[in-house]
Amino acid sequence: MALSSIASGLSFGSSPKAVMTTLCFFRFWLGFGIGGDYPLSATIMAEYANKKTRGSFIAAVFAMQGFGILGGGLVGMAVSAIFRSLYHAPPYSVDAVGSTPPEADYVWRIILMLGALPAVLSYYWRMKLPETALVANNAEKARKDMEKVMQVEITIQETKTNKTKFGLFSKEFLRRHGLHLIGTASTWFFVDVAYYSQNLFQKEIFSAVGWLPPAKTMSALDELFKISLAQFLIALCGTVPGYWITVLLIDRIGRFNIQIMGFFFMTVFMLALAIPYHHWTLNKAGFLIMYG
């Protein structure tokens, strides 16, 4: 992940198309790494946690994404503010070419490369993290390692387990876990469609409700700063509190119930925003409350 983030910022090419091709290549491998780390982080937490707090522990892992969004907004604002103070550029309506100074090419590269910092900082502790009993297949050693990490006394309970082994793509796996896998994967897929698709159109949404002035009245660096600020405020007032409310309530309400509630309210609010969309462009405060 760290190498892909740095390489993304160093994307090379003799033309814009070549740069975009190189950038897409490195972002693919970054996504490959994140795709492996994301579920494994939750899995490790699930194996360390006890039954009583397992839901909140796993939810807390995903809730850290909210702080990542806040950090991304802060980095975008900081880098754009520095370059904006050093390299003054006219609005697009005054000078279409000059509104994007040549030095702006460094801005997005620096922002992408700074994404490697969290991965680098956490690498040492990741390497020191011991395997859990399920993976190590040594209950006594795993117990001692987990006691060091969690700083609590752990008692091993002897249980009878089914020694039958079967592969991931076997008929037995499909019979036992196929329905759960399809249900989990499909709901995750639909959440990502809803969540990430709205991120693609955030700039247009912010403009429609008046958070962003018309693009022609800003330079490229001005626009980056204002978009970063808007995303930061949405995360601060909506995303982060929502994550941590879930962390607090998931073991009280239940994982299934809280997921059903989440899907229900996502559906209600998105329909309420999308169907009377032109109404909300005239009632900006209500739109921002519902969108957040």
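As the structure is a prediction and not an experimental result, all values here were calculated from the model.
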At what distance, to the nearest 0.5 angstrom, does [atom1] of [X] lie from [atom2] of [Y]?
X: Ile111; Y: Leu224; atom1: CD1; atom2: CG; result: 5.0 Å
X: Leu23; Y: Phe28; atom1: CG; atom2: CZ; result: 14.0 Å
X: Ile253; Y: Ile258; atom1: CD1; atom2: CD1; result: 4.5 Å
X: Leu174; Y: Leu179; atom1: CG; atom2: CG; result: 9.5 Å
X: Ile82; Y: Leu221; atom1: CD1; atom2: CG; result: 11.5 Å
X: Asp105; Y: Ser11; atom1: CG; atom2: OG; result: 10.0 Å

Kindly say whether [Y] contributes a backbone atom to a donor-acceptor pair with the side chain of [X] at under 3.5 angstrom?
X: Ser15; Y: Ala18; value: yes
X: Thr239; Y: Gly66; value: no
X: Ser122; Y: Ala119; value: yes
X: Thr22; Y: Phe12; value: yes

ILVMFWY network linking [X] to [Y], side-chain heavy atoms under 4.5 angstrom:
X: Phe265; Y: Phe190; result: no
X: Val61; Y: Phe57; result: yes
X: Leu70; Y: Leu229; result: yes
X: Val247; Y: Tyr243; result: yes
X: Leu273; Y: Phe264; result: yes

Quick check: do [X] and [Y] have side-chain heavy atoms less than 4.5 Å from each other?
X: Met218; Y: Phe225; answer: no
X: Ser5; Y: Leu30; answer: yes
X: Phe62; Y: Ile58; answer: yes

Val191 vs Phe263, side-chain contact (heavy atoms from CB on, under 4.5 Å): CA-CA, chis, key distance, verdict: CA-CA 8 Å; Val191 165; Phe263 276 105; 3.2 Å; yes
Minimum-distance pair of heavy atoms, taken over all atoms of [X] and [Y]:
X: Glu103; Y: Phe83; value: O-CE2, 3.5 Å
X: Thr100; Y: Ala220; value: OG1-CB, 3.5 Å
X: Pro241; Y: Leu236; value: CD-O, 3.3 Å
X: Glu223; Y: Ala215; value: OE2-CB, 4.1 Å
X: Ile34; Y: Pro39; value: O-CD, 4.2 Å
X: Gly73; Y: Ser228; value: O-CB, 3.7 Å

So does [X] have more than 12 non-hydrogen atoms from other groups sitting under 6.0 Å from [atom1]?
X: Phe32; atom1: CZ; result: no
X: Tyr92; atom1: OH; result: no
X: Leu3; atom1: CG; result: no
X: Met266; atom1: CE; result: yes
X: Tyr123; atom1: OH; result: no

Those residues that, when tested against Phe173, pass ring-ring contact (aromatic ring centres under 6.0 Å, His included) (two or more places apart): His177
Plane angle bin for Trp244 and Phe67 - parallel if under 30°, tilted between 30 and 60°, otherwise perpendicular: tilted
Those residues that, when tested against Asp37, pass side-chain contact (heavy atoms from CB on, under 4.5 Å) (two or more places apart): Met1, Ser41, Arg126
Partners passing side-chain hydrogen bond (donor to acceptor under 3.5 Å, both in side chains) against Ser219 (at least two apart in sequence or in another chain):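 Result, side-chain hydrogen bond (donor to acceptor under 3.5 Å, both in side chains) vs Ser219: Asp222.
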Arg175 bridged to Glu172 by N-O distance under 4.0 Å: yes
